[in-house]
Amino acid sequence: MGLKNWLLPKERYCRARCVRILFATRNSHKCQEVRSLFKGITGLEILNPDEVGLSYQGCEDNLEPFDTFEENASSKAKYFHQISGLPTLADDSGLVVDCLNGLPGVNSKRFSSWSQGDPISQDEANNEFLVQSLECFRNVEWTARYVCLAVFLDSKANMKMTRGEVEGEIIEIPKGSDGFGYDPHFLVENTELTFAEMSDREKNRFSHRGKAFRKLVEEIKSDL
Ligand code: ITT
């Protein structure tokens, strides 16, 4: 008997009807946040590159050479769309700090130049470098925002792009242990909390990624 026949009728129905969408990210936290945003939409399966058989390739490190989030997001989406042939989502995001003239911006991932490939140590090195960089700006508020550009390429490579931002302030002493990246140092505007003190669901309510992907879902849901 084929595998298909072992599935319960509901599972068989689901498999037949599910639209498989690739989320072009190697960042497991981003993937978790975006999956939780798409949870309410039935018939969609959000898969990461490993789940569709695309193991990491060195050339992926050169997909984001641009000065804008828009260009980097569309570059990532186009590459993964081309090699997978699947409808593809991508996100380029980062932290923009006012008194640092917008840094780290599109270089948020590699702000500290840490390059050992271990995401937790890289986040720690980035956070340490961020606080060090801000030390000579004690006379001003450390206002900042996270920015996210979310992209969708459909099976014919038609592109939709949306932007989300959230305002906040950088704090010197980290708070919380959830989230990733700069989250323990990012105090969300109009709350007393950093993103590292919020669950994925709460973070999505306020976050740059939550805002960008909610807009994107509105734009693409009729096509799915
Ligand atoms: P992919 O390119 O594989 O999606 P990435 O982590 O490299 O994963 P980006 O190029 O978009 O993603 O870089 C985003 C960096 O900005 C990320 O590594 C963090 O340092 C920071 N960042 C973006 N969104 C964040 C968030 O929600 N919380 C904390 N840090 C964030």
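Numbering of residues begins at 1 and proceeds along the displayed sequence. These numbers come from a predicted model, not from an experiment. Start at 1 and go down the list; that is how both ligands and their atoms are numbered.
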Do any N or O atoms from the side chain of Trp142 and from the backbone of Val131 form a donor-acceptor pair under 3.5 angstrom?
no
Are Cys148 and Phe213 side-chain neighbours, meaning at least one heavy-atom pair lies under 4.5 Å?
yes
I'd like to check Leu103 versus Ser133 (side-chain heavy atoms, cut-off strictly below 4.5 Å). Are they in contact?
no
Any side-chain heavy-atom pair of Lys30 and Ser93 under 4.5 Å:
yes
Amino acids contacting ligand 1, non-hydrogen cut-off under 4.0 Å
Thr25, Arg26, Asn27, Lys30, Glu64, Lys76, Asp91, Asp92, Ser93, Gly94, Ser108, Lys109, Tyr146, Phe180, Gly181, Tyr182, Asp183, Lys203, His208, Arg209
Apply salt bridge (Lys or Arg N to Asp or Glu O under 4.0 Å) to Lys76 and Glu64, showing your working.
CA-CA 7 Å; Lys76 257 188 270 193; Glu64 302 165 64; 3.4 Å; yes
Given side chains that start at C-beta, do those of Pro174 and Asn127 come closer than 4.5 Å, heavy atoms only?
no
